[in-house]
Undergrad: 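First the structure, then my questions, so here it is.
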There are 2 protein chains.
Amino acid sequence: MSATQIVLNQDQTFKTYEKKFKALSDEIRLKVMYELNQRGQVCVCDLSDIIELPQSKLSYHLKILLDVELIKREKIGTWNYYSVNEKAVKLLLSEELRCLFYPGK
Amino acid sequence: MSATQIVLNQDQTFKTYEKKFKALSDEIRLKVMYELNQRGQVCVCDLSDIIELPQSKLSYHLKILLDVELIKREKIGTWNYYSVNEKAVKLLLSEELRCLFYPGK
DNA sequence: CAATTAAATCAAAAATAATTGATTAAAAGA
DNA sequence: TCTTTTAATCAATTATTTTTGATTTAATTG
């Protein structure tokens, strides 16, 4: 075993997946994933218009997706741009969900 | 369009996935999926011993997984045997999660 | 038929999560 | 510097889920 290898026990593994699935277990957050996937990089204020959600509510849901790394954030000036973390979603979801929630073939 | 085709709108689609991911967004239910996958068909009382959970609690969680058809139930005499619904899980989860939550190659 | 076992269901309580509106912080421009 | 804009965070409320123990239902066995 290499010195840097991290060994997770079963409970930690389940806890990790629990959080990721929990992040996806909400209509609003699935819609966010969908719109980010459709549009690439989107800032909070644009997304707020697209999904028609108050800013604080949207930030709350974005944080949940960000915490489990299903999305990424890039700050440019005053704006925060969000996008889908393709690698992470690909490791979690089936090919059938490609195009819906992560970038397609 | 064929007479029997069901057309789902986007909201219905998201709602459907919300429910499926919600079913998976719990440590106990992921452990249930894992054990059912390891053991094939298991009855509630055996599962109750394996996962060390009171019967009513386990039944509650089994119902949630059953409702979204991620698991199947077969009644034999007094016993209810549960197993993973391989097809449904395969349509939802990545190959990387095969062996953990649905039957392997 | 009475007793036992398996497992679903129910209602109340406890624990978590989501919503709301207000506040804060940080960047940009006048 | 003062004002505006972007977006995170906070605290209070509301809503949803989970847990618990008891009850119910159905099948099996003596």
Side-chain angles (χ1 to χ4, degrees), chain A residues 11 14-36 39-84, chain B residues 11 14-33 35-36 39-85:
Chain A
D11 285 355
F14 291 150
K15 205 66 193 152
T16 300
Y17 285 119
E18 172 186 297
K19 280 191 209 138
K20 284 176 198 272
F21 289 128
K22 191 158 289 181
L24 293 172
S25 71
D26 179 281
E27 224 180 334
I28 290 173
R29 295 194 291 268
L30 289 177
K31 177 87 169 143
V32 167
M33 292 295 290
Y34 175 82
E35 292 299 337
L36 291 183
R39 294 160 197 268
Q41 269 202 331
V42 190
C43 68
V44 179
C45 52
D46 286 350
L47 203 54
S48 185
D49 289 343
I50 293 162
I51 310 195
E52 290 180 301
L53 234 47
Q55 176 269 317
S56 77
K57 192 169 170 175
L58 185 54
S59 279
Y60 167 78
H61 288 289
L62 285 168
K63 182 169 171 24
I64 288 171
L65 289 167
L66 190 65
D67 283 349
V68 297
E69 297 178 299
L70 287 171
I71 61 176
K72 294 179 286 186
R73 178 170 61 184
E74 190 189 356
K75 189 164 187 116
I76 300 174
T78 322
W79 291 270
N80 267 342
Y81 288 92
Y82 284 89
S83 58
V84 170
Chain B
D11 285 355
F14 291 150
K15 207 63 194 154
T16 301
Y17 286 118
E18 173 187 298
K19 280 190 211 137
K20 285 177 198 271
F21 289 129
K22 192 158 290 184
L24 293 173
S25 72
D26 179 281
E27 222 181 336
I28 290 172
R29 294 193 291 268
L30 289 177
K31 177 85 170 146
V32 167
M33 292 295 291
E35 293 298 338
L36 291 183
R39 294 161 197 269
Q41 270 203 330
V42 189
C43 68
V44 179
C45 52
D46 285 350
L47 203 55
S48 185
D49 288 343
I50 293 162
I51 311 195
E52 290 180 303
L53 233 49
Q55 176 269 317
S56 78
K57 192 168 172 176
L58 185 53
S59 279
Y60 167 78
H61 288 289
L62 285 168
K63 183 170 170 25
I64 288 172
L65 289 167
L66 189 65
D67 284 348
V68 297
E69 296 177 299
L70 287 172
I71 61 175
K72 295 179 285 187
R73 178 169 61 184
E74 190 190 355
K75 189 165 186 115
I76 299 174
T78 322
W79 290 272
N80 267 340
Y81 287 92
Y82 284 89
S83 59
V84 171
N85 182 350

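In the text below, chain A, chain B and the rest are named by the order of the sequence lines, each starting its count at 1.
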Undergrad: If you look at every heavy atom in L58(B) and S48(B), which pair is closest and at what distance?
TA: CD2-N, 3.4 Å
Undergrad: Nearest whole Å is fine: how far is dT18(D) C1' from L58(B) CG?
TA: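 Whole-Å distance recorded here is 14 Å.
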Undergrad: How long is the line joining NZ of K57(A) and P of dA18(C), in whole Å?
TA: 11 Å
Undergrad: Using a cut-off of less than 4.0 Å, is there contact between a side-chain N or O of H61(A) and OP1 or OP2 of dA17(C)?
TA: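 For H61(A), the contact criterion (side-chain N or O under 4.0 Å from OP1 or OP2 of dA17(C)) is not met.
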Undergrad: Rounded to the nearest Å, what distance is computed from the CZ atom of residue R73(A) to the P atom of nucleotide dA7(D)?
TA: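 Atom-to-atom, R73(A) to dA7(D), this comes out as 10 Å.
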Undergrad: Can you confirm whether more than 12 heavy atoms, excluding those of K19(A), are under 6.0 Å from its NZ atom?
TA: no
Undergrad: Please confirm whether any donor atom in the side chain of Q55(B) sits under 3.5 Å from an acceptor in the base of dA6(C), or the reverse.
TA: no
Undergrad: In this structure, how many angstroms lie between the P atom of dA15(C) and the CD atom of E27(B), rounded?
TA: 17 Å
Undergrad: Give one of base, sugar-phosphate or nothing for Y82(A), where a contact means two heavy atoms less than 4.0 Å apart.
TA: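 Here Y82(A) touches the backbone only, sparing every base.
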Undergrad: Using the side-chain contact (heavy atoms from CB on, under 4.5 Å) rule, take L47(B) and E35(B) through it: C-alpha gap first, then chi angles, then the decisive distance, then the call.
TA: CA-CA 8 Å; L47(B) 203 55; E35(B) 293 298 338; 4.1 Å; yes
Undergrad: Are OP1 or OP2 of dT6(D) and a side-chain N or O of T78(A) less than 4.0 angstrom apart?
TA: no
Undergrad: Name the nucleic acid region contacted by L62(A), choosing base, sugar-phosphate or nothing; use a 4.0 angstrom heavy-atom cut-off, strictly under.
TA: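 Answer is nothing: L62(A) stays at 4.0 Å or more from every strand.
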Undergrad: Say whether, by atom type as modelled, one donor and one acceptor occur between the side chain of R29(B) and the main chain of K22(B) under 3.5 angstrom.
TA: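 At least one qualifying donor-acceptor pair exists.
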Undergrad: In whole angstrom, give the distance that lies between atom CG of N80(B) and atom P of dT25(D).
TA: 17 Å
Undergrad: Round to the nearest Å and state the distance from W79(A) atom CH2 to dT6(D) atom C1'.
TA: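 Whole-Å distance recorded here is 8 Å.
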Undergrad: What nucleotide, of dT19(C), dT18(D), dA17(C), holds the atom closest to the side chain of Y60(B)?
TA: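 Given the options dT19(C), dT18(D), dA17(C), the side chain of Y60(B) is closest to dT18(D).
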Undergrad: Does E74(A) form a side-chain contact (heavy atoms from CB on, under 4.5 Å) with N80(A)? I'd like the steps, not just the answer.
TA: CA-CA 6 Å; E74(A) 190 189 356; N80(A) 267 342; over 6 Å; no
Undergrad: From the list dT9(C), dT6(D), dT9(D), which nucleotide is the closest neighbour of the side chain of S59(A)?
TA: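 The closest nucleotide is dT9(D).
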Undergrad: Output the single nucleotide from dA7(C), dA27(D), dT9(C) whose closest atom is nearest the side chain of K63(B).
TA: dT9(C)
Undergrad: With a non-hydrogen cut-off below 4.0 angstrom, is S56(A) in contact with a base, only sugar-phosphate, or nothing?
TA: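 Since a base atom lies under 4.0 Å of S56(A), the category is base.
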Undergrad: Could you tell me the separation between the CD1 atom of I64(A) and the P atom of dA18(C), rounded to a whole number of Å?
TA: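 Those two atoms, CD1 and P, are 5 Å apart.
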Undergrad: In whole Å, what is the span from the CG atom of D26(A) to the C1' atom of dT19(C)?
TA: 11 Å
